[in-house]
Amino acid sequence: MKNVLVADNQAIVCLGLTTLIESLPDFQVINQVDNGVDAYMQIEQGNVDILITELTMPPGESGLLTTRRVHDAFPDVAIMILSSCEDQALINQAIHNGAQSYIFKSSPTTEIVTGLHHLVDGERYLDNNIMITKQDLEEINYGSTAVDMTGYQDLSKRERELLPFIALGYSNKEVAKKLFISTKTVEAHKASIMRKLALDSQAALIRYAVHHHLISF
């Protein structure tokens, strides 16, 4: 039995996906979350085989960033992007960041089912409506469209979790409650983030996060 985690900020999508997946033999949905940070925290518990996630779940961490973080820390977790985003550059970037499957929400549900079976077999699967050119392959393989992680790589795991919330204007108290840490810890991490990224204001942090596709509005 493969354990599937569904991450989407639209409740109706989570419900539909869960109903579909639960109807399939050998698959079960173990949880539904509405943002990338919660998805990562669920995967940390070690009981997820497949993550199905939207690329944009505003306001919060970009699906591109969630994909990168999950793939880097938990390479055995297969990632399927199920998204309304059909921008080829972002598709290439998602695959480069570690997504093994990319399906359009506008496609028939059979695409999701086919994609799941390919993931179980350790194979990549892209929506039939996605056309990959030679240039796309170069971008996927060599990362010309990848998130520029300069500076970001120096952040700790906890700092990476905090960054989207800080950039989106959450208060220290709100972030602390979200991540189950103290406000003083949030303040310390925030100062460390600004120092490591060489940023001097909230506006600069927002520009950095948007430019590097770290948050979704």
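Note that the structure is predicted; figures quoted are calculated from it, not measured. Starting from 1, each residue takes its place in the sequence as its number.
- Grouping the Ile, Leu, Val, Met, Phe, Trp and Tyr side chains by contacts below 4.5 angstrom, directly or via other members, places L65 with L162.
- Evaluation of the side chain to side chain donor-acceptor pair (under 3.5 Å) rule for T114 yields no partner, not counting sequence neighbours.
- Heavy atoms from other residues, nucleotides or ligands lying under 6.0 Å from NZ of K177 number 12 at most.
- Panel note: side chain E111, backbone Y102; no donor-acceptor pair is recorded below 3.5 Å.
- Applying the salt bridge (Lys or Arg N to Asp or Glu O under 4.0 Å) test to K196 and every residue at least two apart in sequence or in another chain returns E159.
- For the residue pair E61 and V37, the shortest heavy atom distance occurs at OE1-CG2, 3.8 Å.
- Cluster membership check: M194 shares its hydrophobic cluster with I181, using side-chain heavy-atom separations under 4.5 Å among Ile, Leu, Val, Met, Phe, Trp and Tyr.
- Distance CD1/I30 to OG1/T18: 11.0 Å, rounded to 0.5 Å.
- Placement of I130 and M80 in two distinct hydrophobic clusters is found when ILVMFWY residues are connected by side-chain heavy-atom separations under 4.5 Å, directly or transitively.
- Taking Q10 as the reference, nothing meets the side chain to side chain donor-acceptor pair (under 3.5 Å) condition, with sequence neighbours excluded.
- Shown here are the side-chain contact (heavy atoms from CB on, under 4.5 Å) partners of T19, two or more places apart in sequence or in another chain: L15.
- Rounded to the nearest 0.5 angstrom, I43 CD1 and I50 CD1 are separated by 11.5 Å.
- Legend: ring-ring contact (aromatic ring centres under 6.0 Å, His included) pairs involving residues 2-37, not counting sequence neighbours, sorted by first then second residue: F27-H117.
- In this structure, the side chains of N92 and H96 stay at 4.5 Å or more apart for every pair of heavy atoms.
- If you take CG on L17 and CD1 on I12, they are separated by 10.5 Å, rounding to the nearest 0.5 Å.
- Between the CD1 atom in I166 and the NE2 atom in H189 there is a gap of 9.0 Å [rounded to 0.5 Å].
- With sequence neighbours left out, S84 forms a side-chain contact (heavy atoms from CB on, under 4.5 Å) with E54, K105.
- Contact between K157 and E44 at its shortest, heavy atoms only, is NZ-OE2, 2.8 Å.
- Partners of R158 according to the side chain to side chain donor-acceptor pair (under 3.5 Å) rule, which considers only residues two or more places apart in sequence or in another chain, are E161.
- In plain terms, the two heavy atoms of E86 and S106 that are nearest each other are OE2-OG, 3.4 Å.
- Between the side chains of Q42 and D38, no donor-acceptor pair is found at a separation under 3.5 Å.
- In this structure, the side chain of D49 engages the main chain of N3 through a donor-acceptor pair within 3.5 Å.
- Note on I81 and I21: separate hydrophobic clusters, where clusters join Ile, Leu, Val, Met, Phe, Trp and Tyr whose side-chain heavy atoms are under 4.5 Å apart, directly or indirectly.
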- Message: Under the criterion side-chain contact (heavy atoms from CB on, under 4.5 Å), I'd like the reasoning laid out for L155 against L163: C-alpha separation, chi angles, the key distance, then a yes or no.
- Response: CA-CA 9 Å; L155 301 183; L163 190 151; 3.7 Å; yes

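- Under the rule for a salt bridge (Lys or Arg N to Asp or Glu O under 4.0 Å), K190 has no partner lying at least two apart in sequence or in another chain.
- A heavy-atom distance below 4.5 Å is not found between the side chains of T185 and L179.
- I103 and I95 are members of different hydrophobic clusters when ILVMFWY side chains are connected at heavy-atom separations under 4.5 Å.
- Applying the ring-ring contact (aromatic ring centres under 6.0 Å, His included) definition to pairs two or more places apart or across chains, those involving residues 62-85 are Y40-F74.
- Rounding to the nearest 0.5 Å places CE of M41 at 11.5 Å from CG of N31.
- Contact annotation: the side chain of L55 approaches that of L90 to within less than 4.5 Å [non-hydrogen atoms, C-beta and beyond].
- Closest approach of L197 and Y152 over heavy atoms only: CD2-N, 3.7 Å.
- By the side-chain contact (heavy atoms from CB on, under 4.5 Å) test, S201 pairs with A203, A204, sequence neighbours left out.
- Smallest separation of non-hydrogen atoms from V120 and K2: CG2-CG, 4.0 Å.
- For S23, the side-chain contact (heavy atoms from CB on, under 4.5 Å) partners are L20, not counting sequence neighbours.
- With a 6.0 Å radius and a threshold of 12 heavy atoms from other residues, nucleotides or ligands, M1 has its CE atom above the threshold.
- Between the CD1 atom of I112 and the OG atom of S107 there is a distance of 8.5 Å, given to the nearest 0.5 Å.
- K178 has its side chain within reach of N35: a pair of non-hydrogen atoms, C-beta onward, lies under 4.5 Å apart.
- The shortest heavy-atom contact between C14 and V6 is SG-CG1, 3.9 Å.
- With sequence neighbours excluded, the residues satisfying ring-ring contact (aromatic ring centres under 6.0 Å, His included) with H118 are Y125.
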